[in-house]
Amino acid sequence: GDGQTKQPYSARCTFSLVADFHRTLIQGGILLNPGYRLRLLQAANPLCMLMEQAGGQATNGAKRILDIEPTHLDQCSPVFFGSQDDMTELSNFLGAGPSA
């Protein structure tokens, strides 16, 4: 649908995190991985660093991923990647207010 930015959204999933992440970097949009399947140290942090270096944001829905201090090596987290505008819109939709 059309959100605050008035741009239509579409859904796409290749079941390949790297392919979906690359598409999000190139074409924009939001990549959602709400399940607790991404390991924080091995997958989430490296991808979040790349997204932020490209000018986007990466959160777990409430907190910036790179601000989470892991408690153990296999700790997992939900992850939401996207542009600044799209992530602000997602935060507002989820009721979390503007993301930092």
Side-chain angles (χ1 to χ4, degrees):
D2 295 340
Q4 295 169 347
T5 60
K6 302 300 178 202
Q7 295 178 353
Y9 287 107
S10 63
R12 176 188 164 118
C13 183
T14 63
F15 296 101
S16 169
L17 177 64
V18 174
D20 289 336
F21 183 81
H22 181 260
R23 181 179 185 272
T24 303
L25 280 176
I26 301 300
Q27 296 183 3
I30 299 175
L31 174 58
L32 307 172
N33 185 0
Y36 285 88
R37 296 175 298 175
L38 267 190
R39 288 191 177 132
L40 195 59
L41 292 174
Q42 293 89 344
N45 279 346
L47 290 174
C48 294
M49 194 257 331
L50 289 173
M51 181 59 72
E52 290 187 4
Q53 290 296 311
Q57 286 184 350
T59 71
N60 68 356
K63 189 175 187 179
R64 182 176 171 248
I65 292 293
L66 296 176
D67 288 341
I68 299 172
E69 290 191 32
T71 56
H72 53 83
L73 287 176
D74 290 333
Q75 181 177 344
C76 295
S77 176
V79 181
F80 304 92
F81 303 103
S83 69
Q84 297 280 343
D85 292 340
D86 288 337
M87 293 301 289
T88 299
E89 187 172 339
L90 177 66
S91 294
N92 291 336
F93 179 76
L94 294 176
S99 57

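Between Leu38 and Leu17, the closest side-chain pair of non-hydrogen atoms falls below 4.5 Å. Under the 4.5 Å side-chain criterion, counting only non-hydrogen atoms from C-beta, Ile30 is in contact with Leu32. Looking at heavy atoms from C-beta onward, Gln75 lies in side-chain contact with Ile68 at the 4.5 angstrom threshold.
Rounding to the nearest 0.5 Å gives a distance of 9.0 Å between CZ of Phe81 and CG of Leu50. Atom CE of Met51 and atom OG of Ser83 lie 8.5 Å apart (nearest 0.5 Å). To the nearest 0.5 Å, the span separating CG on Leu25 from CG on Leu47 amounts to 9.0 Å. Separation of atoms CD (Gln57) and OG1 (Thr88) is listed at 5.0 Å; rounding is to 0.5 Å. Atoms CG and CG, from Leu40 and Leu66 in turn, are 8.5 Å apart once rounded to the nearest 0.5 Å.
Closest approach of Cys48 and Val79 over heavy atoms only: SG-CG1, 4.1 Å. Minimum interatomic distance between Lys63 and Asn60 (heavy atoms only, all atoms of both residues): N-OD1, 2.7 Å. Of all heavy-atom pairs spanning Ala43 and Pro46, the tightest one is O-CD, 3.3 Å.
Every side chain to side chain donor-acceptor pair (under 3.5 Å) that Asp20 has, sequence neighbours left out, goes to Thr14. For Phe80, there are no ring-ring contact (aromatic ring centres under 6.0 Å, His included) partners at least two apart in sequence or on another chain. Legend: residues meeting salt bridge (Lys or Arg N to Asp or Glu O under 4.0 Å) with Arg39, ordered by chain and number and at least two apart, are Asp74.
Residue Leu41 belongs to a hydrophobic cluster whose other members are Leu73, with links defined by side-chain heavy atoms closer than 4.5 Å.
Under the side chain to side chain donor-acceptor pair (under 3.5 Å) criterion, the residue pairs touching residues 40-56 are Glu52-Arg64, with sequence neighbours excluded. Contacts classified as salt bridge (charged side-chain N to carboxylate O under 4.0 Å, His left out) and involving residues 27-36 (residues at least two apart or in different chains) are not found.
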